[in-house]
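Structure first, commentary second.
We count ligands from 1, going down the list as the structure has it; atoms in each ligand are counted the same way.
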Amino acid sequence: MNRKYRKTVIAGNWKMNQTASGIKPFMEELKAELPQTKSCDIVLCTPAVMIPAMIRGGKECKVAAGGQDVSKYEKGAYTGEVSADQLADIGAKYCIVGHSERRQYHHEDDMLVNAKAKALLEKGIIPIICVGESLEQREMDLTIEYITYQVKAALYGISAQQLRHCIIAYEPIWAIGTGKTATAQQAQEVCEAIRIVIRKMYGARPARAVSILYGGSMNAKNAAELLAQPDIDGGLIGGASLKPADFAQIVKATTQ
Ligand code: 13P
């Protein structure tokens, strides 16, 4: 973390878990565990239908609500899709784009991720842009090249002014939901490489100001070591964000 130049963000990705009615008891437990003064922004990204309940329930704990996906289209005949305008209208402040599960199960490519990030920025929502390599790519020593490509494609056509409202999340696919965390060194190496790409694209100042999160089996035990790395400015947490005590512990790790 580097608090001098950028925000620390702890974001949970609930994926397709929990229900709107489960948010109140979750928040009561979270409130009891969270420190009084928080040294990071806290976000919980839920299915779009649960966002209003998250906004109501998250107020006291100062938890912002986020979505997990958005349509690249503004409006129209796209049955089942949710637009950036609709997310903004119900109060979403953040939205994940390019999560590896969407890339894998819904065949989303880098151009689509780019279009979705732009759609969100248009409506004042902060995109949390996910990138990450597969195990095969890591074993072939292609990690940095592949991540560089993903970051460049995701940010194509996004201005330096808009970049100030973007978050990048590095999530190695092999570490998601597997219990296999990247070591702090592995995560730092890639997050630093992401900042270098951004520096080449936008210059030193914007690169210094962009928050880069790590995601992939981050938990109450390993969070402090990961967050101590200079280029890791927070976490995008799946499984552990569903457990209030564990999630609070990760928030607490930002104060260390
Ligand atoms: P886990 O923390 O469950 O590995 O999930 C990470 C993730 O995919 C967050 O977006």
Original post:
Taking the minimum heavy-atom distance to atom 8 (O) of ligand 1, which of Met218, His99, Glu101 ranks first?
Top reply: His99
**OP:** With heavy atoms of Ser217 as the reference, note each atom of ligand 1 found under 4.0 Å away.
**Re:** 1 (P), 2 (O), 4 (O)
Original post:
How far is atom 7 (C) of ligand 1 from its nearest protein heavy atom, and which residue and atom name does that atom have?
Top reply: Glu171 OE2, 3.2 Å
Original post:
Who's the nearest protein heavy-atom neighbour of atom 3 (O) of ligand 1, and how far?
Top reply: Gly239 N, 2.8 Å
Original post:
Quick one: which of Lys7, Arg195, Lys4 gives a salt bridge (charged side-chain N to carboxylate O under 4.0 Å, His left out) with Asp233?
Top reply: Arg195
Original post:
Is a side-chain N or O of Lys252 found less than 3.5 angstrom from the main chain of Glu33, in a donor-acceptor match?
Top reply: yes
Original post:
What atoms in ligand 1 come closer than 4.0 Å to a heavy atom of Asn13?
Top reply: 9 (C), 10 (O)
Original post:
Side chains of Ser134 and Gln137: donor-acceptor distance under 3.5 Å anywhere?
Top reply: yes
**OP:** Looking only at protein heavy atoms, identify the closest one to atom 2 (O) of ligand 1 and say how far it is in Å.
**Re:** Gly238 N, 2.9 Å
Original post:
Does any N or O in the side chain of His99 come within less than 3.5 Å of the main-chain N or O of Glu101, such that one atom is a donor and the other an acceptor?
Top reply: yes
Subject >> Greater than 12 external heavy atoms within 6.0 Å of Lys152's NZ >> reply: no
Original post:
At a 4.0 Å cut-off, with the gap strictly under it, does some heavy atom of Ala240 reach an atom of ligand 1?
Top reply: no
Original post:
Which atoms of ligand 1 are found less than 4.0 Å from any heavy atom of Ala175?
Top reply: 4 (O)
Original post:
Looking only at side chains, do Tyr170 and Gln188 share a donor and an acceptor under 3.5 Å apart?
Top reply: no
Original post:
Taking the non-hydrogen atoms of Cys45, is any one of them nearer than 4.0 angstrom to ligand 1?
Top reply: no
**OP:** Report the relative orientation of the aromatic rings in Phe26 and Trp14; use parallel for angles under 30°, tilted for 30 to 60°, perpendicular for over 60°.
**Re:** perpendicular
Original post:
How about Asp141: does its CG atom have over 12 heavy atoms from other parts shown lying under 6.0 Å from it?
Top reply: no
Subject >> ligand 1-proximal atoms of Ser100, by part, heavy-atom distance under 4.0 Å >> reply: neither
**OP:** Please determine if Gly177 has a nitrogen or oxygen closer than 3.5 Å to a nitrogen or oxygen of ligand 1.
**Re:** yes
